[in-house]
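Step one of this worksheet: look at the structure below.
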Amino acid sequence: DTAVSQTPKYLVTQMGNDKSIKCEQNLGHDTMYWYKQDSKKFLKIMFSYNNKELIINETVPNRFSPKSPDKAHLNLHINSLELGDSAVYFCASSPGKDTQYFGPGTRLTVL
Amino acid sequence: GENVEQHPSTLSVQEGDSAVIKCTYSDSASNYFPWYKQELGKGPQLIIDIRSNVGEKKDQRIAVTLNKTAKHFSLHITETQPEDSAVYFCAASPSGTYKYIFGTGTRLKVLA
């Protein structure tokens, strides 16, 4: 009964490829997020959706495209992967403007 | 712009001692301050939070204090145990927004 789940847990791919990471939450929350954690552990917000609408879009290359098919899912698609995209990506969800609950993370390695 | 400074970046304490981690935020409109613990290979887990209308909150061995005037907030862990070893993050959330601004993290090591 995992609250926020992500797939895959590990993703290793070549530069130039396109890949997707999926996130699902079973908490009934309205808001979902994507964060990037770099090798120095800095956690930075990338996107947020509230009721399937984009509400936060930080300065992220447009190779990154989030998609929310419904309130419980927020996927992240990355085109033309670059070495600098290597990081751990976390999904989170919250009941509105309140406490955020994080998933276990997806470690992306671009070779 | 919005910024949260966190100190120290690493902290080693003997088992049973106390640990204190401090954060300073820049946006005076921030009104919610959560603390997260991240163990190796896992996602951040909320351990305690405080809102701007409260000066202190305690949950067993963990406490958080907030000084709105100075824009400081701190995490206090008493009677530390080896399982407290992890990276701890503070965050500040401006009022009316969905956004968290995270601190840079503190790696806590509790030595047995």
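Naming: A, B, ... by sequence-line order, numbering from 1 per chain. Bear in mind the structure is a predicted one, so any value in this text is a computation, not a measurement.
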- [ ] Against chain B, label A:Thr31 side chain, backbone, both or neither, depending on which of its atoms sit under 4.5 Å from a heavy atom there.
- [x] side chain
TODO: May I ask you to check whether A:Tyr101 and A:His29 place their ring centres under 6.0 Å from each other?
DONE: yes
Open item on the list: I'd like to know which of B:Gly96, B:Ala91, B:Pro34, B:Ser93 tops the heavy-atom pair count under 4.5 Å against chain A.
Closed with: B:Gly96
TODO: Heavy atoms only, distances under 4.5 angstrom: which of B:Phe102, B:Tyr100, B:Tyr32 has the most pairs with chain A? Name it, please.
DONE: B:Tyr100
Task: Which atoms of A:Leu43 approach chain B - backbone, side chain, both or neither, heavy atom under 4.5 Å - done: both
Open item on the list: Counting only non-hydrogen atoms closer than 4.5 Å, does A:Gln100 touch chain B with its backbone (N, CA, C, O), its side chain (CB onward), both, or neither?
Closed with: both
Open item on the list: Connecting only ILVMFWY residues whose side-chain heavy atoms lie within less than 4.5 Å of each other, what is the rest of B:Leu40's hydrophobic cluster?
Closed with: none
Task: Lys/Arg N to Asp/Glu carboxylate O, A:Asp70 vs A:Lys52, below 4.0 Å - done: no
Open item on the list: Between B:Ser95 and chain A, with a heavy-atom cut-off of 4.5 Å, which part of the residue counts as in contact: side chain, backbone, both or neither?
Closed with: neither
TODO: Working to the nearest 0.5 Å, report the span between OG of B:Ser9 and CZ of B:Arg107.
DONE: 10.0 Å
Task: Interface moiety of B:Lys42 toward chain A, non-hydrogen atoms closer than 4.5 Å - done: backbone
Open item on the list: Does any backbone or side-chain atom of A:Lys9 lie under 4.5 Å from a heavy atom of chain B? Answer side chain, backbone, both or neither.
Closed with: side chain
Open item on the list: Would you say the ring centers of A:Phe64 and A:Phe47 fall short of 6.0 Å from each other?
Closed with: no
Task: Exercise: do A:Tyr10 and A:Thr109 side chains pair donor with acceptor under 3.5 Å - done: no
